[in-house]
Asker: 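Starting off with a structure, shown below.
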Amino acid sequence: MRRKVIAGNWKMNMTPSQAKALIEETKPLVAGKDNCDIIFCVPFVDIHAAQEAAAGSNIKIGAENVHFAPKGAYTGEISAEMLKECGVDYVIIGHSERRQYFGETDETVNLRTKAALEAGLKVILCLGEVKEERVNGITDEVVSMQTKLDLKDVTVDQLANVIIAYEPVWAIGTGLTATPEQADETCGVIRNTIAKMYGAEAAEKIVIQYGGSMNAANAAELLSKENVDGGLIGGASLKAKDFSIIVNAAQ
Ligand code: 13P
């Protein structure tokens, strides 16, 4: 049985004081829900406030991106060592918004993933097809290719610190959700790809989340699917009540 992981991706939302308030509000609603891991991935400037607010609770704090170089002339970027020293446990890499708006490619996603893992961070690696790819029937090929390229040269030991978030781009922030069957099937394709790359045991163990308009109303059905091991939640993670309903659905 894989342990479910429910993670919020706050994106560019919440100031530090708002972050503190949201976590204070969420904490009692998810207290004692220990059958899944609960993570909030927050903007860099919120990390400190979020950690203070989450201290002593079952909520862990992650970041939303990391650079691949250890240090240097990369204005505006943050290194894995910086995150590590700030006490961050998790980092999202390869989100479609990074790929779409900030020129991330499978190559840079792979570099960031390796740098994060080498620094001892746990990675939430995002991948998924765009609408045109699903319409043209090449979803399986796309997610399989992304899995291979994004995890190139990642060892089987390092894979233990990787969560994959399957996020169909057409479902992100659109209110359109993959059907539970689509989510299960495509998470299964990713798992099969992992099996080919790393063997059956690693494929059985790896946590594969679904993300894309997951909300309080549809979470239970999505999370009931065999290959869906959790959720990466955008909009609904900004509302304490909705997020806690999703956490409950994972119990
Ligand atoms: P929404 O839940 O707002 O669709 O966002 C999903 C997402 O991008 C999580 O990373």
Side-chain angles (χ1 to χ4, degrees), residues 4-14 18-19 22 26 30 36-44 46-47 50 59-66 88-102 104 109 112-113 116 121-131 133-134 139 142-143 146-147 150 162-180 182-183 186-187 190 207-223 225 228-250:
K4 290 207 178 347
V5 180
I6 302 296
N9 172 11
W10 283 3
K11 310 192 179 184
M12 197 173 74
N13 294 291
M14 301 284 144
Q18 291 168 340
L22 179 57
T26 308
V30 301
C36 70
D37 289 334
I38 305 169
I39 308 162
F40 279 135
C41 293
V42 307
F44 294 127
D46 292 344
I47 287 171
I59 299 172
K60 300 188 181 99
I61 302 302
E64 297 180 14
N65 195 19
V66 65
V88 164
D89 299 313
Y90 293 85
V91 62
I92 293 173
I93 296 178
H95 193 278
S96 70
E97 287 147 18
R98 300 290 322 169
R99 296 180 191 249
Q100 226 175 322
Y101 307 134
F102 301 99
E104 292 270 355
V109 169
R112 287 176 206 262
T113 298
L121 293 165
K122 294 189 172 81
V123 170
I124 301 177
L125 169 64
C126 301
L127 51 88
E129 82 287 2
V130 299
K131 184 170 175 217
E133 291 162 342
R134 180 156 286 268
T139 296
V142 168
V143 298
Q146 288 176 325
T147 304
D150 297 351
V162 176
I163 291 170
I164 295 179
Y166 165 56
E167 299 209 305
V169 179
W170 49 270
I172 295 177
T174 57
L176 290 173
T177 316
T179 64
Q182 285 172 328
T186 309
C187 289
I190 296 167
V207 168
I208 304 180
Q209 300 173 311
Y210 167 79
S213 301
M214 190 187 270
N215 58 39
N218 61 27
E221 215 189 333
L222 286 159
L223 293 169
K225 291 294 174 187
V228 179
D229 306 322
L232 185 56
I233 327 293
S237 73
L238 301 171
K239 297 179 202 141
K241 184 95 205 307
D242 289 33
F243 186 73
S244 71
I245 291 171
I246 298 172
V247 167
N248 264 313

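None of these values were measured; they are calculated from a predicted model. Counting convention: from 1, in listed order, for ligands and their atoms alike.
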Asker: List every atom of ligand 1 that sits less than 4.0 Å from any heavy atom of G235, numbering the atoms from 1 in the order shown and giving each element.
Answerer: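 Reading through ligand 1 atom by atom, the close ones are 1 (P), 2 (O), 3 (O).
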Asker: I'd like to know if the side chain of Y90 and the backbone of I92 have a donor-acceptor N/O pair within less than 3.5 Å.
Answerer: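 Absent.
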Asker: Between the side chain of E133 and the main-chain N/O of V130, is any donor-acceptor distance below 3.5 Å?
Answerer: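 Side chain of E133 to backbone of V130, a donor-acceptor pair under 3.5 Å: yes, one is there.
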Asker: So does E64 pair up with K11, basic N to acidic O under 4.0 Å?
Answerer: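 Judged by the 4.0 Å cut-off on N to carboxylate O distance, E64 and K11 do not form a salt bridge.
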Asker: Name the closest protein heavy atom to atom 5 (O) of ligand 1, giving the residue it belongs to and the distance to 0.1 Å.
Answerer: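 Here the nearest protein heavy atom works out to K11 NZ, 3.2 Å.
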Asker: Show which atoms of ligand 1 fall inside a sub-4.0 Å distance from at least one heavy-atom site of G212.
Answerer: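 Answer, ordered by atom number: 4 (O), 6 (C).
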Asker: Can you pull out the closest protein heavy atom to atom 8 (O) of ligand 1? Residue, atom name and distance to 0.1 Å, please.
Answerer: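 Going by distance alone, atom 8 (O) of ligand 1 is nearest to H95 NE2, 2.7 Å.
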Asker: Considering both backbone and side-chain atoms of N9, is one of its nitrogen or oxygen atoms within less than 3.5 Å of a nitrogen or oxygen in ligand 1?
Answerer: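 N/O-N/O distance below 3.5 Å exists for this pair.
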Asker: For the pair K4 and D37, find out whether any cationic side-chain nitrogen is under 4.0 Å from an anionic carboxylate oxygen.
Answerer: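 Answer for the salt bridge query: no.
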Asker: Of all the heavy atoms in S213, does at least one lie under 4.0 Å from an atom in ligand 1?
Answerer: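 So S213 counts as touching ligand 1.
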Asker: Under 3.5 Å, is there a donor on one side chain and an acceptor on the other for Y166 and Q182?
Answerer: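 Short answer, no.
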Asker: Would you call L22 and M14 a side-chain contact if the rule is heavy atoms closer than 4.5 Å?
Answerer: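 Touching, per the 4.5 Å side-chain cut-off.
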Asker: Using a 4.0 Å heavy-atom cut-off, say whether I172 meets ligand 1 through its side chain, its backbone, both or neither.
Answerer: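 The answer is both.
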Asker: Where does A171 meet ligand 1, judged by heavy-atom distances below 4.0 Å: at the side chain, the backbone, both, or neither?
Answerer: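 The answer is the backbone of A171.
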Asker: Answer yes or no for G211: is there a heavy-atom contact with ligand 1 below 4.0 Å?
Answerer: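 No, G211 has no heavy atoms under 4.0 Å from ligand 1.
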Asker: Using only atom types and a distance under 3.5 Å, with no angle test, would you say the side chain of S213 pairs donor to acceptor with the backbone of A171?
Answerer: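 Checked: pair present.
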Asker: Which residue and atom name correspond to the protein heavy atom nearest atom 2 (O) of ligand 1, and how close is it?
Answerer: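 That would be G234 N, 2.9 Å.
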Asker: Do P180 and Y210 have side chains that get closer than 4.5 Å, going by heavy atoms?
Answerer: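 No. Closest side-chain heavy atoms not under 4.5 Å.
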Asker: Please write down residue, atom name and distance for the protein heavy atom closest to atom 9 (C) of ligand 1.
Answerer: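 Answer for atom 9 (C) of ligand 1: E167 OE2, 2.9 Å.
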